[in-house]
Number of protein chains: 2
Amino acid sequence: MAQVNENREENVACITQSSEEKIKEAAKSVFLKKGYAGTTARDIAEAANMNIALTNYYFRSKEKLFVEIFKDLFSLYCNNTLQIFEKPISLREKLIELIEADFQVMKTEPALVLFLMTEIQRDGSRLLPELNKLKELLHGHLTAHIEEEVSKGTMRKIPTESIMPLIMGSLQFVFVGKNLTMKMYNCSEEEFNQFAENHKNIIIDMITEYLFISEEVM
Amino acid sequence: MAQVNENREENVACITQSSEEKIKEAAKSVFLKKGYAGTTARDIAEAANMNIALTNYYFRSKEKLFVEIFKDLFSLYCNNTLQIFEKPISLREKLIELIEADFQVMKTEPALVLFLMTEIQRDGSRLLPELNKLKELLHGHLTAHIEEEVSKGTMRKIPTESIMPLIMGSLQFVFVGKNLTMKMYNCSEEEFNQFAENHKNIIIDMITEYLFISEEVM
DNA sequence: TTTTGTTTTAAACAAATGTTTAAAATTTTA
DNA sequence: TAAAATTTTAAACATTTGTTTAAAACAAAA
């Protein structure tokens with residue numbers, strides 16, 4: 001049956017992937033594109049160029065493999081954010097870094113947000129045990145910082161829970177609607193990235209101008 | 001075989017739905033929640049309280065039923081927008097009306113955007129023959145209006161294709177992430193709607209302040 | 001009423017699904 | 001080397017899938 005892989009990642013060169021890694025990587029790309037329900041075990045096996053039985057040999061079930069991948073992708077979505085929150089920089093700088101980091105993640109994994117949101121809606125309870133952790137970190141670091149700026153009068157007074165959707169929403173939505181946009185404007189991958197980058201800069205401009213009260217006015 | 005329904009909608013009272021309508025409505029709600037791949041013919045039959053064979057009797061196949069529903073929902077998503085574009089009002093008023101109308105649609109069908117974007121990504125080619133029509137209408141009405149305002153100096157110079165994502169993105173994203181938000185903040189449907197409404201007002205404020213150049217400054 | 005057409009039903013269909021089996025091939029250990 | 005353990009394979013498995021069938025129930029027309 002499924003064995004414990006003791007010496008994973010201990011190779012020096014690590015040019016060739018193990019079968020387990022091949023399957024996981026293939027499954028990730030198929031799940032991202034087709035979602036859990038739209039992906040068959042045979043899709044994964046074919047994408048990984050492996051025998052159909054190996055998926056269950058290594059991961060026990062399609063469900064278990066999915067949950068493992070979901071957690072990885074959810075971390076990819078959140079970890080950047082959490083790291084930036086902890087930096088000793090101004091709130092304005094944090095927000096800009098946040099948008100820039102988010103943009104990089106989405107450039108490499110454009111289907112990420114749509115995938116996560118869809119799967120969270122479709123299930124929700126089985127996933128997200130670590131969601132509360134995220135909430136606490138987010139709130140612990142952000143709320144205090146925001147209230148400080150507001151009380152100093154350097155920032156517009158806005159409900160805390162609106163800040164993140166405001167910052168992340170406009171940018172992430174561009175990638176949620178990526179396929180619609182590409183089809184509507186008949187544009188290539190490269191043209192889309194160009195558009196997205198430009199849009200990101202507009203968002204940074206708009207957000208900072210709106211949220212922070214310029215010192216010149218005072 | 002499937003018959004032509006001649007006298008549809010000619011009833012005066014129309015208290016009871018026809019079986020065809022019951023199935024379509026049930027299918028709509030199941031598709032919205034679970035997506036095409038996640039929905040089984042038996043899910044639909046059960047939700048409609050009808051025999052499993054009736055779906056194919058009235059709609060030929062799951063696929064055909066889906067495409068019909070998708071078109072309806074895509075229209076729901078676009079028609080508001082197109083109607084507002086054609087109104088003889090200022091651009092600023094248009095954008096505000098756009099956000100307000102969009103908000104109403106999403107309050108009644110919160111899963112709409114996530115559903116559309118997911119299905120467009122998963123297929124794309126079979127759907128959206130009418131997408132070009134949308135593009136032309138959108139561009140025909142909007143581009144001229146924007147360039148006029150920009151040349152008058154009453155509006156910030158921004159690439160046309162960035163305007164709509166900027167306006168719709170932040171608001172729609174709140175509903176794309178509805179389930180994540182509700183789970184994270186452990187909030188009820190009503191509390192979420194309260195939050196969304198508040199967020200909508202912030203967005204209107206931010207967008208108009210950013211896009212339009214205040215006359216007082218001049 | 002009988003006849004005709006329509007709607008609904010239970011049952012079955014073939015194909016596709018996730019998963020398991022048991023043997024073969026390969027690698028590791030002794 | 002031989003033995004033991006691990007990995008890979010082809011084939012089969014029981015369910016679930018979308019769809020069809022053929023008869024029953026119902027309604028409309030004659």
Side-chain angles (χ1 to χ4, degrees), chain A residues 1-11 13-28 30-31 33-70 119 122-123 126, chain B residues 1-11 13 16-28 30-31 33-70 119 122-123 126:
Chain A
M1 302 303 143
Q3 71 312 327
V4 184
N5 196 342
E6 302 243 347
N7 58 339
R8 47 168 79 185
E9 305 301 296
E10 296 201 50
N11 293 337
C14 199
I15 304 168
T16 52
Q17 289 176 301
S18 72
S19 294
E20 192 179 339
E21 289 169 324
K22 269 194 210 160
I23 291 169
K24 193 168 173 184
E25 198 160 296
K28 191 172 88 172
V30 181
F31 278 140
K33 194 150 92 191
K34 303 188 173 189
Y36 179 77
T39 299
T40 71
R42 281 161 186 84
D43 285 339
I44 296 171
E46 199 183 354
N49 227 325
M50 303 250 105
N51 186 282
I52 217 297
L54 285 179
T55 303
N56 287 320
Y57 175 69
Y58 285 111
F59 298 96
R60 310 269 306 279
S61 71
K62 180 192 170 191
E63 167 84 11
K64 291 226 169 66
L65 171 56
F66 174 79
V67 170
E68 204 167 301
I69 288 171
F70 179 89
E119 299 301 338
R122 302 283 151 87
D123 179 301
R126 110 189 114 152
Chain B
M1 303 302 149
Q3 72 311 327
V4 185
N5 196 342
E6 302 244 347
N7 57 339
R8 50 168 76 186
E9 303 302 296
E10 296 202 50
N11 293 334
T16 53
Q17 289 177 302
S18 72
S19 294
E20 193 179 340
E21 289 168 323
K22 267 193 212 162
I23 291 168
K24 194 168 172 185
E25 198 160 296
K28 192 173 89 173
V30 181
F31 277 140
K33 193 150 93 190
K34 302 187 173 189
Y36 179 77
T39 299
T40 71
R42 283 162 184 84
D43 285 339
I44 297 172
E46 199 183 354
N49 227 326
M50 305 248 103
N51 186 283
I52 216 300
L54 286 178
T55 302
N56 287 322
Y57 176 70
Y58 284 112
F59 298 96
R60 308 268 307 280
S61 71
K62 179 192 168 188
E63 167 84 10
K64 291 225 168 64
L65 171 56
F66 174 79
V67 171
E68 205 168 299
I69 287 171
F70 179 89
E119 299 301 338
R122 304 281 152 87
D123 178 302
R126 105 189 120 151

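Quick note: numbers below take in every heavy atom, side chains included, and nothing from hydrogens, waters or symmetry partners. Below, chains carry the letters A, B, ... as their sequence lines are ordered, and counting in each starts from 1.
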Student: Rounding to a whole Å, what distance do you find between B/Ile23:CD1 and C/dT7:P?
Tutor: 11 Å

Student: Students often get this wrong, so: under 4.0 angstrom with heavy atoms, is A/Ser19 touching a base, only sugar-phosphate, or nothing?
Tutor: sugar-phosphate

Student: Whole Å only: how far is the CD atom of B/Glu21 from the C1' atom of C/dT7?
Tutor: 15 Å

Student: What is the distance, rounded to the nearest whole Å, between atom CE of A/Met50 and atom P of C/dT19?
Tutor: 19 Å

Student: Could you state the atom-to-atom distance from CZ of A/Phe66 to C1' of C/dT17 in whole Å?
Tutor: 17 Å

Student: Output all residues satisfying salt bridge (Lys or Arg N to Asp or Glu O under 4.0 Å) with A/Lys24, sequence neighbours left out; order by chain, then residue number.
Tutor: A/Glu68, A/Asp72

Student: Rounding to a whole Å, what distance do you find between A/Leu54:CG and C/dA24:P?
Tutor: 18 Å

Student: Restricting to side chain to side chain contact (heavy atoms under 4.5 Å, CB included), what partner residues turn up for A/Thr40, sequence neighbours left out?
Tutor: A/Arg42, A/Asp43

Student: Does A/Glu63 have any side-chain hydrogen bond (donor to acceptor under 3.5 Å, both in side chains) partners at least two apart in sequence or in another chain, and if so, which?
Tutor: A/Tyr36, A/Arg126

Student: Show the numbers, then the answer: is there a side-chain contact (heavy atoms from CB on, under 4.5 Å) between A/Ile44 and A/Phe31?
Tutor: CA-CA 9 Å; A/Ile44 296 171; A/Phe31 278 140; 3.9 Å; yes

Student: What pairs of nitrogen or oxygen atoms, one from the protein and one from nucleotides 14-20 of chain D, lie under 3.5 Å apart?
Tutor:
{"unit_1": "D/dG18", "atom_1": "OP1", "unit_2": "B/Thr39", "atom_2": "O", "d": "3.2"}
{"unit_1": "D/dG18", "atom_1": "OP1", "unit_2": "B/Ala41", "atom_2": "N", "d": "3.4"}
{"unit_1": "D/dG18", "atom_1": "OP1", "unit_2": "B/Lys62", "atom_2": "NZ", "d": "3.0"}
{"unit_1": "D/dG18", "atom_1": "OP2", "unit_2": "B/Ala41", "atom_2": "N", "d": "2.6"}
{"unit_1": "D/dG18", "atom_1": "N7", "unit_2": "B/Arg42", "atom_2": "NH1", "d": "3.0"}
{"unit_1": "D/dG18", "atom_1": "O6", "unit_2": "B/Arg42", "atom_2": "NH2", "d": "3.1"}
{"unit_1": "D/dT19", "atom_1": "OP2", "unit_2": "B/Asn56", "atom_2": "OD1", "d": "3.4"}
{"unit_1": "D/dT19", "atom_1": "OP2", "unit_2": "B/Lys62", "atom_2": "N", "d": "2.7"}

Student: Suppose we screen for side chain to side chain contact (heavy atoms under 4.5 Å, CB included). Which residues come up paired with A/Asn51, at least two apart in sequence or across chains?
Tutor: A/Ala53, A/Leu54

Student: Taking only residues two or more places apart in sequence or in another chain, which ones pass side chain to side chain contact (heavy atoms under 4.5 Å, CB included) with B/Lys33?
Tutor: none

